[in-house]
Amino acid sequence: AFAKSRLVLDRHGLDPDSLGYTFSADGTELRTTWDTSRPWSHMTVNALGHGAVIGNDGSIFSFAGNSQQNSLTPFLPDTIPAQTLGQTIYVVDLESGRADTATYAPMRRGDLAHDVVFGRGYASFHKRSDDTDLDLTAFVPPAEPVEIRILRIKNRSRKTRRYRVVPYFEIVLAELTRDSRGRLETEVDPSGGAIYFRNPENQFHRGHMFVAWSLAGDAHETLRSRFLGGGGRDLTNPWFVESGESDPSCSDDGVRSAAFSGYVEIAAGSEAEIAVVIGQTETLDEAKHLIAHYTDPGAAEHALQETKDWWQRTLSVLRVE
């Protein structure tokens with residue numbers, strides 16, 4: 001089918017490669033980059049109403065129950081490339097001090113190779129630098145109220161390197177950030193590896209939202225202002241990412257976030273895998289059960305394969321050429 005589509009494009013004088021995308025041989029994946037003439041978005045969702053809209057620049061908008069009334073993270077208009085992300089995962093090479101992400105935004109490093117894959121139920125981002133490969137896969141399991149991120153960091157240098165990893169999520173639990181500003185209840189798990197949020201005024205969708213991860217954390221932050229830090233900082237150079245701790249000089253701006261900081265040491269030629277889970281459940285016990293399971297990187301990988309298999313079964317009944 002892809003070969004036929006190339007013939008059609010050729011007849012019209014169009015170069016398929018110049019359009020900024022190709023399909024995999026079996027047609028189940030669309031492969032592109034961040035550098036398209038207009039933003040591309042991929043919808044991942046399950047029957048429980050949990051899902052995410054994922055842009056090819058790496059912007060992700062998560063929701064539960066209803067994408068308008070219960071945004072988990074901020075929605076960004078898709079008419080222009082995202083200027084301010086609602087969520088991302090930073091990786092800092094502690095030898096060079098350079099921070100980056102597997103996605104193009106927010107760092108916008110046009111000098112590095114980026115690849116984006118939109119698959120059935122998932123999206124993957126790949127970035128390659130001189131000595132480190134970053135690979136992020138985001139997906140929504142078909143039968144659980146969660147989204148999962150799997151981050152792989154590969155050290156291609158000839159010596160052991162140490163990295164700081166910082167997941168960041170701005171929390172909404174309403175339609176817009178301003179609707180829940182100063183209203184969210186926050187609870188940090190005693191382990192420091194999970195943070196729970198609740199909006200008692202959201203009549204549309206109640207329950208406990210959570211963000212958790214597999215890495216043993218050294219610090220966490222629930223105030224966006226202290227994550228970003230003072231002095232005109234933004235998501236390209238947050239204080240928390242640079243220092244691994246919060247900026248105590250900043251007052252509470254009423255906006256809540258889930259941010260963690262932890263370290264991983266990777267031998268030359270080796271890689272590390274980290275799982276991050278975001279979701280919402282009716283009870284705290286349900287949230288803790290899902291966290292205990294899916295923050296295991298092995299369980300996260302298994303869930304990714306199950307998601308791919310589910311979509312394969314669902315969409316293989318009828319094929320049209």
Side-chain angles (χ1 to χ4, degrees), residues 20-21 29-45 50-64 66-68 70-91 99-110 112-119 121-127 134-140 146-151 165-180 209 211 213 224 227-228 233-238 240-241 255-260 276-280:
Y21 67 90
E29 290 183 336
L30 185 146
R31 298 168 180 173
T32 184
T33 69
W34 65 270
D35 189 16
T36 51
S37 58
R38 293 186 180 183
W40 284 47
S41 296
H42 185 42
M43 170 70 79
T44 58
V45 70
H50 288 254
V53 179
I54 306 173
N56 62 317
D57 63 351
S59 58
I60 304 178
F61 158 59
S62 301
F63 58 88
N66 185 280
S67 61
Q68 181 181 32
N70 194 50
S71 301
L72 300 184
T73 61
F75 173 71
L76 304 168
D78 60 0
T79 54
I80 58 173
Q83 301 300 312
T84 304
L85 299 186
Q87 53 178 286
T88 192
I89 304 177
Y90 298 89
V91 178
D100 210 341
T101 62
T103 56
Y104 174 67
M107 298 312 198
R108 303 184 177 279
R109 296 196 60 190
L112 297 181
H114 299 71
D115 294 300
V116 183
V117 175
F118 289 159
Y122 64 93
S124 295
F125 299 87
H126 315 269
K127 181 184 285 185
L134 300 179
D135 183 306
L136 176 68
T137 298
F139 66 99
V140 178
V146 297
E147 297 171 49
I148 301 173
R149 317 276 185 266
I150 299 175
L151 173 69
V165 183
V166 179
Y168 165 78
F169 295 79
E170 181 183 325
I171 310 302
V172 179
L173 289 178
E175 181 176 353
L176 302 171
T177 298
R178 65 170 181 261
D179 298 330
S180 60
M209 180 198 169
V211 180
W213 71 329
R224 184 187 64 173
F227 171 84
L228 292 174
R233 289 175 179 264
D234 57 26
L235 289 177
T236 64
N237 61 344
F240 193 85
V241 173
V255 180
R256 294 295 170 259
S257 69
F260 304 94
V276 180
V277 184
I278 173 176
Q280 189 176 22

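In what follows, every heavy atom counts, from backbone to side chain, and hydrogens, waters and symmetry copies are set aside. Note that the coordinates shown come from a computational prediction; the quantities given were computed from them, not determined experimentally. For this chain, numbers begin at 1 and follow the sequence in order.
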- Can you check whether L136 reaches I89 side chain to side chain, under 4.5 Å on heavy atoms? yes
- Task: Taking all non-hydrogen atoms of both residues into account, name the closest pair between W213 and V276 and its distance.
- Result: CB-CG2, 4.0 Å
- About how many Å separate CZ of F169 and CG of L72, when rounded to the nearest 0.5 Å? 10.0 Å
- Query: Just by modelled atom types, is the T33 backbone N or O under 3.5 Å from a matching donor or acceptor in the N56 side chain?
  - Reply: yes
- Task: Show your reasoning for whether side-chain contact (heavy atoms from CB on, under 4.5 Å) applies to N237 and L228.
- Result: CA-CA 8 Å; N237 61 344; L228 292 174; over 6 Å; no
- Task: May I ask you to decide if the ring planes of Y168 and F227 are parallel, tilted or perpendicular, using 30° and 60° as cut-offs?
- Result: parallel
- Note on the structure: When every non-hydrogen atom of A258 is compared with those of I171, the smallest separation belongs to N-CG1, 4.1 Å
- Item | H42 (side chain) donor-acceptor with Y122 (main chain) under 3.5 angstrom | yes
- Which pair of heavy atoms, one from G51 and one from V140, lies closest together, and at what distance? CA-CG2, 4.1 Å
- Query: Can you find a heavy atom in the side chain of E170 that is under 4.5 Å from one in the side chain of V255?
  - Reply: yes
- Message: Would V172 and R256 count as a side-chain contact (heavy atoms from CB on, under 4.5 Å) here? Give the steps.
- Response: CA-CA 8 Å; V172 179; R256 294 295 170 259; over 6 Å; no
- Message: Just by distance, no angles: are the side chains of D57 and T103 close enough, under 3.5 Å, to form a donor-acceptor pair?
- Response: no
- Query: Is the backbone N or O of T36 less than 3.5 Å from a side-chain atom of Y21, with the two atoms forming a donor-acceptor pair by type?
  - Reply: no
- Message: Keeping K127 on the side-chain end and L112 on the backbone end, is there a donor-acceptor pair under 3.5 Å?
- Response: no
- Query: Does any donor atom in the side chain of D234 or T236 lie under 3.5 Å from an acceptor atom in the other side chain?
  - Reply: yes
- Message: Quiz question: by atom type and distance under 3.5 Å, do the side chains of E175 and N70 form a donor-acceptor pair?
- Response: no
- Task: May I have the step-by-step check of side-chain contact (heavy atoms from CB on, under 4.5 Å) for D35 and H114, ending in yes or no?
- Result: CA-CA 9 Å; D35 189 16; H114 299 71; over 6 Å; no
- Query: Are any of the side-chain heavy atoms of V91 and T101 separated by less than 4.5 Å?
  - Reply: no
- Task: Report yes if the side chains of F260 and V211 come closer than 4.5 Å at any heavy-atom pair, otherwise no.
- Result: yes
- Message: Using side-chain heavy atoms (C-beta onward) and a distance below 4.5 Å, is M107 in contact with Y90?
- Response: yes
- Query: How far does CG of L173 sit from OG of S71, to the nearest 0.5 angstrom?
  - Reply: 9.0 Å
- Task: Output yes when a side-chain donor or acceptor of T44 lies under 3.5 Å from a complementary backbone atom of A52, and no otherwise.
- Result: yes
- Item | Where P74 and T177 come nearest, the two heavy atoms and their spacing | CG-OG1, 3.9 Å
- Query: Should L235 and T88 be marked as a side-chain contact (heavy atoms from CB on, under 4.5 Å) after you check the CA-CA gap, both sets of side-chain angles, and the distance that decides it?
  - Reply: CA-CA 9 Å; L235 289 177; T88 192; 5.8 Å; no
- Query: side chain to side chain donor-acceptor pair (under 3.5 Å) between T73 and Q87: does it pass, once the steps are laid out?
  - Reply: CA-CA 7 Å; T73 61; Q87 53 178 286; 2.9 Å; yes
- Message: Check for me whether the distance between the ring centres of F125 and W34 falls short of 6.0 Å.
- Response: no
- Task: Could you tell me which non-hydrogen atom of F118 sits nearest to which non-hydrogen atom of S41, and how far apart they are?
- Result: CE1-C, 4.3 Å
